[in-house]
2 protein chains.
Amino acid sequence: MTADVSRAPRDPGSDAEGTRWLDAGEQQAWRAWLYSAQLLLDRLDRELTHATGISHAYYEILVALSETEGRRMRMSELADRCLSSRSRLSHAVSRLEERGWVRRQVCPDDGRGQLAVLTDDGFAALEAAAPVHVEGVRTHLFDQLSPQQVAAMRDLGETLLRHLGTR
Amino acid sequence: MTADVSRAPRDPGSDAEGTRWLDAGEQQAWRAWLYSAQLLLDRLDRELTHATGISHAYYEILVALSETEGRRMRMSELADRCLSSRSRLSHAVSRLEERGWVRRQVCPDDGRGQLAVLTDDGFAALEAAAPVHVEGVRTHLFDQLSPQQVAAMRDLGETLLRHLGTR
DNA sequence: GCGGAATAGATGAGTCTTCAACTACTGTTC
DNA sequence: GAACAGTAGTTGAAGACTCATCTATTCCGC
């Protein structure tokens with residue numbers, strides 16, 4: 001006897017706690033989404049890391065910095081932009097600093113704050129990595145999808161973002 | 001001057017390497033998908049971990065084992081099912097063994113192999129965690145989507161899986 | 001049935017993430 | 001302007017993941 005605990009472990013309806021279990025169709029949709037998301041994120045990260053030595057997490061930090069005026073940003077703002085905790089970002093910036101790609105600068109407006117500044121070396125590293133990343137996204141994502149599917153993907157993402165909060 | 005390196009850093013067309021940069025619509029679709037995926041996975045993992053002490057990664061291992069005859073599975077097969085590397089699974093099973101939720105057993109058919117076996121305590125832990133996980137998936141995913149969006153999500157996931165390999 | 005290639009899994013070092021302090025500064029209230 | 005609460009960011013320890021390496025076993029060709 002197997003027990004698929006994502007569906008009801010007993011007869012539906014006999015469940016005292018009233019958990020709203022997934023039906024077979026929801027189950028399949030969820031699994032397909034979950035597996036494809038995990039595989040895609042993993043694949044992109046792996047290919048980028050192998051080709052350039054830059055993980056996807058680091059890449060997002062460099063991109064965020066490169067898109068701002070002066071290529072610098074407050075640590076907290078950068079953390080929010082990268083969906084990262086403060087702590088995680090702080091560690092990551094330390095490691096990027098060791099590589100000479102980012103440096104820290106005390107924030108002039110607020111003595112508590114720090115600015116992360118993208119260096120020229122950091123920008124060069126990003127320029128080298130960008131084609132690899134974009135090619136990965138194209139190959140593994142957009143090349144596989146029809147325009148309708150791309151539209152659906154965007155709609156889906158934006159709907160979920162409204163609920164999860166852009167934070 | 002900002003530089004969005006996901007689009008062409010220079011004029012499109014002046015790009016010597018011929019990188020197929022993303023246009024504005026693709027960019028938005030990609031960002032929406034990426035952010036929503038990261039936020040959703042993070043949210044589900046966090047809520048599950050806080051409420052039950054079981055991370056999503058561990059949860060998937062327990063679910064996979066619970067679904068098999070005899071609640072046991074070869075390590076490699078389990079790794080594949082959980083989209084995990086052999087090494088990662090080996091470490092994870094060791095930690096689950098310390099909790100008394102899984103035990104290892106030499107595979108009778110193949111002296112090289114090991115079976116991971118779900119214990120009764122492990123199954124009980126899973127039964128306790130399942131409602132929390134399912135409720136999370138419902139609240140943060142299905143409750144937010146129309147039936148059409150759910151269908152699109154499934155279609156999208158399955159399309160990407162065909163390319164990325166169910167592995 | 002012997003020898004080499006391939007497979008299954010474990011292990012340890014290095015890296016990354018999380019969590020809970022902790023320091024330092026700002027803003028607010030009296 | 002002193003006291004206190006709140007905010008910004010860092011730090012260190014513990015847990016988790018990756019990669020390369022290692023051992024044990026099986027498979028295959030002869």
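Every chain is numbered from 1, with letters handed out A, B, ... down the list of sequences. Basis for what follows: all heavy atoms, side chains included, without hydrogens, waters or symmetry-related copies.
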Whole-Å distance, A:L89 CG to C:dC19 C1', equals 16 Å
*asked:* In the structure I gave you, are the side-chain heavy atoms of B:R104 and B:L115 within less than 4.5 Å of one another anywhere?
replied: no
| Quick one: is A:R104 getting a side-chain N or O under 4.0 Å of the D:dT10 phosphate, OP1 or OP2? | yes
Regarding the side chain of A:R112, the nearest nucleotide among C:dA24, D:dT18, D:dT25 is C:dA24
State plainly whether the residues B:R162 and B:E158 are in salt-bridge range, i.e. N to O under 4.0 Å. no
Contacts of A:T49 and B:R99 projected onto DNA chain D by closest heavy atom; the upstream (5') one is B:R99
B:E97 atom CD is separated from C:dT11 atom P, nearest whole Å, by 10 Å
From CG of A:L96 across to P of D:dT10 the rounded distance in Å is 13 Å
When rounded to whole Å, the CZ to P distance for the pair B:R86 and D:dA24 reads 19 Å
From the candidates C:dA10, C:dT11, C:dT18, the one with an atom nearest any side-chain atom of B:M75 is C:dA10
When rounded to whole Å, the CE to P distance for the pair A:M73 and D:dA8 reads 15 Å
Rounded to whole Å, the CD-C1' distance (B:E98 to D:dA14) equals 13 Å
Atom CG of A:D80 and atom C1' of D:dA8 are separated, to the nearest Å, by 12 Å
Contacts of A:A57 and B:L115 projected onto DNA chain C by closest heavy atom; the upstream (5') one is B:L115
**Prompt:** With sugar-phosphate meaning primed atoms plus P, OP1 and OP2, does A:R95 contact a base, only sugar-phosphate, or nothing at under 4.0 Å between heavy atoms?
**Reply:** base
Judged by nearest nucleotide, the residue sitting upstream toward the 5' end of DNA chain D, A:R74 or B:D110, is A:R74
Report task. Assess whether one donor atom and one acceptor atom, taken from the side chain of A:S94 and the base of D:dT10, lie less than 3.5 Å apart. Result -> no
Checking A:E135 against B:T19: is there a side-chain donor and acceptor pair closer than 3.5 Å? no
Taking atom types as they are modelled, is there a donor-acceptor pair under 3.5 Å from the base of C:dT15 to the side chain of A:H91? no
Picking from C:dC16, D:dT11, C:dT17, the nucleotide nearest the side-chain atoms of A:Y58 would be C:dC16
Between A:S55 and B:C107, whichever has its closest DNA chain C nucleotide further toward 5' is B:C107
Any N/O donor-acceptor pair, A:R88 side-chain to C:dT17 base, under 3.5 Å: no
Rounded to whole Å, the CD-P distance (B:Q105 to C:dA10) equals 13 Å
Using a strict 4.0 Å threshold on nitrogen-to-oxygen distance, state whether B:D143 and A:R20 make a salt bridge. yes
Any B:R46 side-chain nitrogen or oxygen under 4.0 Å from OP1 or OP2 of C:dC19: yes
_Any N or O donor-acceptor pair under 3.5 Å from the base of C:dT17 to the side chain of A:S87?_
no
Problem set entry | Electrostatic pair A:E97:A:R103 at N-O distance under 4.0 angstrom | no
### Message
Between A:R81 and A:E60, does any NZ, NE, NH1 or NH2 come within less than 4.0 Å of an OD or OE carboxylate oxygen?
### Response
no
